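These notes are about the structure you will find just below.
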Amino acid sequence: IYGKVEGNIRASIITICASGAVKGEVIGETVVVMGIVDGRIHGEKVQLLAGATVRGDIVHGALGIDTAASFEGASRRNPNAMAAAPAVKAASATPPDRI
């Protein structure tokens, strides 16, 4: 993710680049953060690299935090972090009006 996202994200592998920002839940097998996350993170493997800013809780199987990363929240180790993750609802698409 290079831009800004408002909403929840669920994928197998998620990388939030230095220019990326997410406001919502981030759920993935592997989550790498170099940008900003305002919300909860669920991941089997979570890495906060230099320059990362996370404001929210992290539920993880394994967690790595670089000394140059910022983390405000609580972390909880759960060997099955993905099972504890909430379901992310798909946005409903409304077809455009026909003229």
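Note that this is a predicted model, so its numbers are computed, not measured. For reference, positions follow the sequence shown, starting with 1.
One hydrophobic cluster holds both Leu63 and Val22 under the rule that ILVMFWY side chains link at heavy-atom gaps under 4.5 Å. Val5 and Val33 fall within the same hydrophobic cluster, defined by Ile, Leu, Val, Met, Phe, Trp and Tyr side-chain heavy atoms under 4.5 Å apart, directly or through other members. Tracing side-chain contacts under 4.5 Å through hydrophobic residues (I, L, V, M, F, W, Y), one never reaches Ile41 starting from Ile36; they form parts of separate clusters. Linking ILVMFWY side-chain heavy atoms closer than 4.5 Å, directly or via other members, places Ile1 and Val31 in a single hydrophobic cluster. No continuous path of hydrophobic side-chain contacts links Phe71 to Met34 [ILVMFWY only; heavy atoms under 4.5 Å].
Atom-to-atom distance recorded for Asn78:CG and Glu44:CD is 8.0 Å, nearest 0.5 angstrom. Taking CD1 of Ile58 as the reference point, atom NE2 of His42 lies at 10.5 Å (rounded to 0.5 Å).
A donor-acceptor pair is defined here as one N or O able to donate and one able to accept, closer than 3.5 Å; such a pair exists between the side chain of Ser19 and the backbone of Tyr2. Remark: the backbone N or O of His60 is not paired with any side-chain donor or acceptor of Arg77 at under 3.5 angstrom.
Between Ile9 and Ile16 there is no side-chain heavy-atom pair separated by less than 4.5 Å.
The stretch residues 51-65 participates, sequence neighbours left out, in these salt bridge (charged side-chain N to carboxylate O under 4.0 Å, His left out) pairs: Asp38-Arg55, Arg40-Asp57. Among residue pairs with one or both ends in residues 59-74, none qualify as salt bridge (charged side-chain N to carboxylate O under 4.0 Å, His left out); sequence neighbours excluded.
Annotation: side chain to side chain contact (heavy atoms under 4.5 Å, CB included) contacts of Gln47 (sequence neighbours excluded): Val32, Lys45, Leu49.
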